[in-house]
Amino acid sequence: MPDRQDEVLIERGTARPAPVTVAVPAKGRASAGHALSQAWYDTVEFLFKPLDVERWFWLSFICLFLGGRAASAAFSWSFGALPGNVGLERILGPLHDYVSEHLWLITLAVTLGLGFGLALLYLRALLRFVLVDALVGRAVRLRMAWTETRPLGRSYFWWLLGTLLLVGASLTSGALAAIPYLRTLISAGTRSLLFWVILTGLLLIDILVGLLLAVVVILTDDLVVPLMYAEGLALLPAWKRLWQSLRAEVGGFAAYVLLRFAVGIAVGAGALFFLFPILVGLFSGAIMTGVSVLLGVRLLGLSWAWNPLTTSLALAALLLLIGAILIVLSVVGMPGQLLIQNFGIRFMSARAPALKALLHSQSQAAVQFGNPGNTLRE
């Protein structure tokens, strides 16, 4: 007989099925290792049974805005390698000098940069719920999930923005308070013990705050977001629920965090293993194409010169290369992100009856409609 607390009334919104009562089999709280094993089988079945190219495309599109960890590092490496290969410095150098001489252009650049950053942060917050909806519902419903989970995503966005601003302002205030004193000691030519204590303290505080912020964001992405999705809670009430569970099961959550970091490292290493030869091939193709164009122009008796036309062509080619890199990064990094998100969903479902009921109802629905490949392993 199922536990009474596991009989959860599921109401999935106006565009979803009517409320149903799902009796979930009673089971103990899954360990982090068991949750990871379940997440692995769920991810493999979702991506490969059956293999759906359209599903892969939309999942890759969603994960592109969630941050790719190893994929992001690979993109930073690859983009940093571009200037020496395609002459990007010759293109952007005069533009940088021109912008720095005009205050209105500086203001415009800063405003656009801030706006772009806020837009990416907003997309990250809302698409996190779209990804959870896809993993729980076993289908990508980009438009419907975006509409249904938008209030939850906004709650997450404002919390994330406020947290980043608060941490950034605190670290900046501490640095501004300590740096003048350090400069005074440096100008006096002294290196007292207090100087090194302050400098080391600033570095340690930056590192510890960064690690703490990373853990908080990881727990929010992995555990709080699925809880918000299942129970319709705003972020702060959901975090309160998670904190209660964490206090009651410190060892289990500590094991999850450690295993989560290990899985993140393994996923990053695996993604880089596949990305490196692909990116090398892309850069080699780009360089060979550029050399072929230059040789063709020279064979025609012309010489390459930077003018509005050639600059536009070079920028178009650069944008095309960056687009190809982004596509590769999103496709290669997507399975790892699904595994990590599934890991958090599975771990939290053993501690949240509403989330467990959603997963169980989807498993029953998949069996009922004859699609066992999309059933979730209990």
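These numbers come from a predicted model, not from an experiment.
Nearest heavy-atom pair across L227 and L242 is CD2-N, 4.3 Å. What you find for S349 and K356 is that their closest heavy atoms are O-CB, 3.2 Å. Nearest heavy atoms, A125 versus G153: CB-O, 3.6 Å.
How far CZ of F157 is from CG of L161: 5.0 Å, rounded to the nearest 0.5 Å. The line from CG of L338 to CG of L47 is 5.5 Å long, rounded to the nearest 0.5 Å. R351 contributes atom CZ, which lies 10.0 Å from atom CG of L246 (distance to the nearest 0.5 angstrom). Remark: I62 CD1 to L126 CG distance equals 11.5 Å, nearest 0.5 Å. Here CD of Q341 is found 9.0 Å from SG of C63. Values are rounded to the nearest 0.5 Å. Summarising the geometry, atom OH belonging to Y229 is positioned 3.5 Å from atom CG belonging to D133; distances are rounded to the nearest 0.5 Å.
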Checklist entry - Stepwise, does the side chain to side chain contact (heavy atoms under 4.5 Å, CB included) test hold for L160 with V217? => result CA-CA 8 Å; L160 185 59; V217 172; 4.3 Å; yes
Item to check | Verdict with reasoning, L164 to L213, per side chain to side chain contact (heavy atoms under 4.5 Å, CB included) | outcome: CA-CA 9 Å; L164 293 177; L213 181 61; 3.9 Å; yes
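In the hydrophobic clustering of ILVMFWY residues, with side-chain heavy atoms under 4.5 Å counting as a link, V250 and V216 come out apart. Note on L233 and L219: separate hydrophobic clusters, where clusters join Ile, Leu, Val, Met, Phe, Trp and Tyr whose side-chain heavy atoms are under 4.5 Å apart, directly or indirectly. Linking Ile, Leu, Val, Met, Phe, Trp and Tyr whenever their side-chain heavy atoms come within less than 4.5 Å leaves L211 and L171 in two separate clusters. A continuous path of hydrophobic side-chain contacts links M334 to L120 [ILVMFWY only; heavy atoms under 4.5 Å]. Tracing side-chain contacts under 4.5 Å through hydrophobic residues (I, L, V, M, F, W, Y), one reaches L118 starting from V167; they form part of the same cluster.
Between V257 and F261, some side-chain heavy-atom pair lies under the 4.5 Å cut-off. In this structure, Y156 and F129 have side chains that are in contact, with non-hydrogen atoms separated by less than 4.5 Å. Residues S170 and L166 meet the side-chain proximity criterion, which asks for heavy atoms closer than 4.5 Å. Taking the side chain as every heavy atom from C-beta outward, L208 and I205 never approach each other to under 4.5 Å. T147 is listed as a side-chain neighbour of R150, based on a closest heavy-atom distance under 4.5 Å. Side-chain contact between Q337 and V267 is absent, with no heavy atoms from C-beta onward closer than 4.5 Å. Looking at heavy atoms from C-beta onward, V136 lies in side-chain contact with V132 at the 4.5 angstrom threshold. A 4.5 Å side-chain heavy-atom check between P335 and W56 finds at least one atom pair inside the cut-off.
No donor-acceptor pair under 3.5 Å is formed between the side chain of S37 and the backbone N or O of G33. Under the 3.5 Å distance criterion, the side-chain polar atoms of T172 are left unmatched by any main-chain donor or acceptor of A169. R55 places a side-chain N or O within donor-acceptor distance of the main-chain N or O of F46, the cut-off being under 3.5 Å. Side chain of E231 to backbone of L355: no donor-acceptor contact under 3.5 angstrom is found. Within the 3.5 Å criterion, the main-chain N or O of A234 finds no donor-acceptor partner in the side chain of S155. With hydrogens and angles disregarded, a donor-acceptor distance shorter than 3.5 Å links the side chain of S31 to the backbone of H34.
The aromatic rings of F65 and F61 sit perpendicular, their planes meeting at an angle over 60°, well past the 30° parallel limit.
Around CH2 of W159, the count of heavy atoms belonging to other residues, nucleotides or ligands within 6.0 Å exceeds 12.
When only modelled atom types and interatomic distance are considered, Y41 and N342 share no side-chain donor-acceptor pair under 3.5 Å.
A salt bridge between D221 and R124 is present, with a side-chain N of the basic residue lying under 4.0 Å from a carboxylate O of the acidic one.
Taking F343 as the reference, Y256 meet the ring pair (Phe, Tyr, Trp, His ring centres under 6.0 Å) condition, with sequence neighbours excluded.
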